[in-house]
Amino acid sequence: MSESKTNPGRFFEDFRIGETIAHATPRTVGAGERALYIALTGSRFALASSAEFARRLKLPDAPLDDMLVFNLVFGRSVPDVSLNAIANLGYANGRFGAAVYPGDTLSAVSRVVGLKENSNRESGVVYVQTTGINQRGETVLDYVRWVMVRKRDRASPAPETIVPALPESVSPKSLALAADMDLTGYDAALAGSPHYWDDYAAGEKIDHVDGMTIEESCHMTATRLYQNTAKVHFNQHVEKDGRFGRRIVYGGHVISLARALSFSGLANAFRIAAINGGRHLNPCFAGDTVYAWSQVMQKLELPGRRDAGALRIRTYATKDRPCADFPAEGEDLLLDLDYTAILPRR
Amino acid sequence: MSESKTNPGRFFEDFRIGETIAHATPRTVGAGERALYIALTGSRFALASSAEFARRLKLPDAPLDDMLVFNLVFGRSVPDVSLNAIANLGYANGRFGAAVYPGDTLSAVSRVVGLKENSNRESGVVYVQTTGINQRGETVLDYVRWVMVRKRDRASPAPETIVPALPESVSPKSLALAADMDLTGYDAALAGSPHYWDDYAAGEKIDHVDGMTIEESCHMTATRLYQNTAKVHFNQHVEKDGRFGRRIVYGGHVISLARALSFSGLANAFRIAAINGGRHLNPCFAGDTVYAWSQVMQKLELPGRRDAGALRIRTYATKDRPCADFPAEGEDLLLDLDYTAILPRR
Amino acid sequence: MSESKTNPGRFFEDFRIGETIAHATPRTVGAGERALYIALTGSRFALASSAEFARRLKLPDAPLDDMLVFNLVFGRSVPDVSLNAIANLGYANGRFGAAVYPGDTLSAVSRVVGLKENSNRESGVVYVQTTGINQRGETVLDYVRWVMVRKRDRASPAPETIVPALPESVSPKSLALAADMDLTGYDAALAGSPHYWDDYAAGEKIDHVDGMTIEESCHMTATRLYQNTAKVHFNQHVEKDGRFGRRIVYGGHVISLARALSFSGLANAFRIAAINGGRHLNPCFAGDTVYAWSQVMQKLELPGRRDAGALRIRTYATKDRPCADFPAEGEDLLLDLDYTAILPRR
């Protein structure tokens with residue numbers, strides 16, 4: 001009887017194309033999440049740090065950091081999507097919507113948009129589109145991720161293979177920038193950099209210089225903050241006999257650290273509008289020091305706005321490897337993240 | 001002169017039957033405590049996580065997690081009760097009262113309800129009833145604990161032995177369930193489990209499956225959050241030469257982890273109404289991985305309520321020992337906690 | 001091109017006497033910072049812990065802990081002042097102004113008030129007066145610190161040597177005590193000590209007894225909370241080959257721990273009014289256990305107040321060395337802090 005009470009997580013054969021899964025544990029966010037996110041990542045972007053800065057841009061309060069929102073939405077989906085995952089393979093078509101303010105309550109649903117059994121029949125790839133919504137039903141974030149999930153039973157029949165068509169990048173037309181946000185009051189000195197959108201060039205590479213060493217306590221605390229329950233991050237008693245002999249750092253924590261490090265060089269990239277794609281290239285462990293560098297891939301005008309522009313940015317994170325030479329491959333690469341950020345224009 | 005300024009803590013002979021001790025450091029709680037508690041324990045119970053979920057039950061806001069309240073009230077009492085404690089022996093007759101909301105200020109008083117000198121005359125057992133109250137004077141929690149406390153002077157005369165009569169369990173009549181709480185709007189999908197009160201059977205055992213490894217930084221941060229100052233949790237310079245050669249994890253942190261783990265199997269046990277009894281069976285240290293399992297001891301109807309029922313639950317926590325076989329004794333047992341939780345009825 | 005986007009920090013020759021530097025990343029503070037500060041330091045002073053306690057003193061809410069404010073203001077200044085610092089040499093003339101309440105936004109500016117090249121021509125000492133201000137432009141804290149900063153180029157000409165005249169201590173006339181604060185409602189039992197201003201004597205020494213062991217995760221989390229980006233605290237990959245082979249604990253975290261420990265003996269020193277001076281005597285590392293003791297240097301009447309008095313206090317912190325014998329020198333000394341605190345009078 002007891003077995004039926006515990007959530008065993010879904011296996012590959014439990015997913016059905018088109019199915020919608022409402023995730024548990026809605027979360028009211030606020031001053032606590034904000035402070036903890038800063039304390040765990042060292043993030044310094046002015047908009048998420050200061051309500052006064054936000055009000056100068058005609059926003060009602062400082063919105064929560066975009067990557068905090070990403071990790072909170074992701075966390076909701078773990079018990080239903082990736083409890084039996086072998087690997088989190090990638091992200092695409094991530095679009096940030098309504099800003100999240102203190103007092104908002106986030107919940108999430110996922111729709112199964114692709115399935116592909118692996119040739120070994122032991123596992124398969126599941127594509128889900130996960131949508132985070134606030135208490136007014138507004139979408140705060142929408143993205144596709146795909147994970148390799150174990151089969152419960154090798155003999156289960158394979159589903160029809162469906163791989164969703166995913167855009168190479170999110171169209172600038174889909175970038176949500178609050179219509180009432182007004183960047184004419186943007187204070188670059190308070191934001192920490194004199195470099196506006198106008199000052200970046202496509203192809204430009206930026207070494208973010210600093211490195212952040214990860215401790216077990218820090219990554220576990222961050223991952224618990226997101227109520228992400230994936231076992232590999234928390235249970236050394238099991239992981240000591242696992243693939244790596246130790247706990248694996250949640251990939252979303254690496255994303256947050258890379259974004260926080262990118263302040264040095266991209267301080268005015270104050271709002272993430274889209275995650276075009278992303279992959280975790282190698283596992284990260286406590287004791288690793290994370291570095292990052294970025295390349296500006298594209299400069300994008302925003303329809304109908306003269307006060308703001310977008311940069312499509314590719315950020316790489318590494319472990320124990322400074323990035324002055326802009327490394328893009330190797331075993332010390334952790335992350336390849338392609339996202340679109342908003343910057344003020346002169 | 002300086003000696004008199006520092007609180008040396010009470011010794012056994014300093015306690016008087018009937019005496020009431022008002023504890024220091026009232027504490028205003030809120031969004032920060034909520035976020036930290038989630039980040040330190042990984043708790044996922046919907047009621048403490050979401051103000052929207054709470055409002056559907058006609059509550060004004062998400063109350064703080066019950067075990068967070070327990071630890072905060074306990075923390076107030078440490079400097080007066082257990083600074084010179086050798087061991088925290090047990091808990092009984094714990095009754096949760098008014099829910100604690102962000103902005104509330106908690107303070108605590110303890111009444112000495114029992115004294116029993118040990119036959120070795122080196123120490124004695126002190127029984128205190130500790131009451132946590134909010135800024136309106138309402139009781140939020142009331143419980144008895146007993147601790148073994150050193151004597152200052154072996155030659156001090158023994159007090160009259162008084163051992164309080166403690167109920168084996170808290171009567172259902174004493175279970176405070178806000179009269180204005182209405183569970184007809186309870187959303188089990190958001191809460192994370194389809195299993196209502198009706199679906200549990202007395203005697204049923206539930207393995208909570210997951211394990212959580214404790215780091216020094218995590219348990220110390222949790223214990224400081226509660227302003228619990230007991231030295232054994234914090235001072236490696238002293239503890240390296242102590243009984244165990246290392247810091248001991250505060251038992252309340254183990255309780256919180258066991259409760260958080262119990263989400264897997266008891267997600268709808270959304271509110272703790274009573275702590276019938278509890279004992280810490282073995283010390284816990286950083287590096288230990290905590291597992292837990294529970295047995296449903298009793299199904300209880302709540303007087304006058306058709307929307308909610310109670311389960312008397314016994315939760316065991318272990319270290320480095322998965323609980324599929326429901327272990328109830330041995331050196332790897334950490335905790336035996338008997339509590340009563342409220343669940344929605346169909 | 002990329003090099004220009006990253007903040008390399010200022011070198012000694014980049015500072016000009018009289019120059020004012022507006023620091024980046026304004027910070028809205030609140031319930032999250034309060035809870036984290038308690039969780040990272042174990043602080044128990046009643047005023048910063050309880051809104052109800054504050055209201056009894058006619059304050060609108062519990063102000064943030066003074067040392068939290070100090071560290072937040074300090075954190076703002078690091079990217080501009082001490083990114084290339086070799087050592088943080090000292091503090092003086094620190095005056096706390098307006099109390100900081102949840103919802104306030106802090107920003108900071110620094111004025112260069114002294115420059116002195118070192119005889120080796122490799123570096124020099126920079127004196128800055130850093131001012132923290134709230135969203136109404138009120139000063140919350142104002143202090144001078146001096147740091148040894150590397151030169152970019154040994155051949156750069158030395159600036160005129162200017163060493164500011166600094167008061168040996170802040171004058172009681174400059175101590176800001178909110179005029180509307182009223183200590184007649186001060187509850188010493190709730191504050192945790194029966195010892196009022198009247199009960200302390202000049203020259204009195206107090207051992208704060210307890211010790212707190214520092215973990216890497218704890219000091220890094222605290223330092224990130226302050227958005228202090230100094231590299232030596234975070235990057236083990238670099239520091240393993242550095243001066244000490246490991247990360248250095250931010251000195252402000254040692255200050256916070258020493259102040260939190262001082263509760264035992266100085267619980268009624270509820271408000272810090274001034275930092276007269278301070279020096280970090282030796283580096284602190286994870287694994288060190290911090291102890292502290294204090295000497296009352298002076299008893300000060302406050303102009304026009306009968307309800308409150310001030311104590312000038314010198315607090316020493318040590319590592320792995322209990323302070324029963326009041327040590328004031330040696331390699332295990334971490335901190336020598338001279339500050340003025342407010343206490344209630346009988």
Side-chain angles (χ1 to χ4, degrees), chain A residues 30-46 49-54 61-62 102 187-193 195 199-201 203-213 215-218 221 260 263-267 287-289 291 293-294 319-322 326, chain C residues 1-9 21-37 39-40 75-76 79-80 83 102-107 109 134-135 215-231 233-240 246-247 286:
Chain A
E33 282 74 13
R34 184 199 306 293
L36 261 168
Y37 190 77
I38 290 173
L40 292 167
T41 67
S43 182
R44 290 183 284 150
F45 292 96
S49 179
S50 167
E52 297 294 321
F53 191 89
D61 194 353
D187 184 330
L190 281 181
S193 163
H195 306 296
D199 304 321
Y200 290 86
E204 182 175 352
K205 293 176 176 179
I206 303 164
D207 174 15
H208 301 307
V209 180
D210 292 333
M212 177 63 69
T213 303
E215 300 294 321
E216 296 283 11
S217 175
C218 295
T221 301
F263 180 87
S264 189
L266 288 166
D288 290 348
T289 298
Y291 291 90
W293 70 275
S294 295
K319 54 180 173 182
D320 295 344
R321 185 187 198 308
F326 311 118
Chain C
M1 191 161 192
S2 77
E3 211 126 334
S4 63
K5 295 295 195 305
T6 306
N7 172 23
I21 306 167
H23 303 304
T25 312
R27 173 75 167 274
T28 302
V29 294
E33 281 74 14
R34 183 198 307 293
L36 261 167
Y37 191 78
L40 292 167
R76 284 357 45 214
D80 296 313
L83 217 56
D104 281 355
T105 298
L106 301 182
S107 55
V109 296
N134 66 19
Q135 70 280 6
E215 300 294 320
E216 297 281 12
S217 175
C218 295
H219 79 81
M220 294 206 306
T221 300
T223 309
R224 285 182 301 230
L225 177 66
Y226 312 135
Q227 295 172 312
N228 176 333
T229 59
K231 300 156 199 268
H233 310 313
F234 299 114
N235 188 330
Q236 181 59 21
H237 180 249
V238 162
E239 294 307 320
K240 74 180 189 304
R246 45 198 167 147
R247 285 160 279 178

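In what follows, every chain begins at residue 1, and chains take the letters A, B, ... in the order their sequences are listed. Just so we're clear, the structure is a prediction, and the values are computed from it rather than from any experiment.
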Reference residue C:Thr6; test side-chain contact (heavy atoms from CB on, under 4.5 Å); the match among A:Asp207, A:Ile206, A:Leu266 |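 Option passing the side-chain contact (heavy atoms from CB on, under 4.5 Å) with C:Thr6: A:Ile206.
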Between atom [atom1] of [X] and atom [atom2] of [Y], what is the distance when rounded to the nearest 0.5 Å?
X: C:Arg224; Y: A:Ile38; atom1: CZ; atom2: CD1; result: 12.0 Å
X: C:Met220; Y: A:Ser217; atom1: CE; atom2: OG; result: 9.0 Å
X: C:Gln236; Y: A:Asp288; atom1: CD; atom2: CG; result: 12.0 Å
X: A:Lys205; Y: C:Lys5; atom1: NZ; atom2: NZ; result: 14.5 Å
X: A:Thr213; Y: C:Asn235; atom1: OG1; atom2: CG; result: 5.0 Å

Chain C contact via [X] - which portion, at a heavy-atom distance below 4.5 Å:
X: A:Ser294; value: neither
X: A:Phe263; value: side chain
X: A:Thr221; value: neither

Counting N and O atoms only, with roles assigned by atom type, does the side chain of C:Thr105 sit under 3.5 Å from a partner on the main chain of A:Ser50, one being a donor and the other an acceptor?
->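 A pair under 3.5 Å: no.
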Using atom types as modelled and distance alone, determine if a side-chain donor or acceptor of C:Gln227 lies under 3.5 Å from a backbone N or O of A:Gly42.
->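 Judged by distance alone, no pair lies under 3.5 Å.
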Highest number of heavy-atom pairs under 4.5 Å with chain C: which of A:Thr41, A:Val209, A:Leu190?
->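 Of A:Thr41, A:Val209, A:Leu190, A:Leu190 has the most heavy-atom pairs under 4.5 Å with chain C.
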Between A:Ala39, A:Gly32, A:Ala35, which residue shows the highest count of heavy-atom pairs closer than 4.5 Å to chain C?
->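 Option with the top pair count is A:Ala39.
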Highest number of heavy-atom pairs under 4.5 Å with chain A: which of C:Ala222, C:Ala24, C:Ala22?
->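 Maximum pair count with chain A is reached by C:Ala24.
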Pick from C:Thr25, C:Thr223, C:Asp80 with the largest number of heavy-atom pairs that fall under 4.5 Å of chain A =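 That would be C:Thr25.
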If we only count heavy atoms from C-beta on, is the C:His237 to A:Pro322 side-chain gap below 4.5 Å?
->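 C:His237 vs A:Pro322: side chains touch.
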Under a 4.5 Å cut-off applied to non-hydrogen side-chain atoms, are C:Ser107 and A:Glu52 in contact?
->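 Side chain of C:Ser107 against side chain of A:Glu52, heavy atoms only: no contact under 4.5 Å found.
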Sequence neighbours left out, what passes side chain to side chain contact (heavy atoms under 4.5 Å, CB included) with A:Asp61? Give chain and number order.
->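 For A:Asp61 the side chain to side chain contact (heavy atoms under 4.5 Å, CB included) partners, ignoring immediate neighbours, are A:Arg34, A:Ala51, A:Arg55, A:Tyr101, A:Pro102.
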Region of C:His233 in contact with chain A, defined by heavy-atom distances below 4.5 Å |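 Contact with chain A involves no heavy atom of C:His233 at all.
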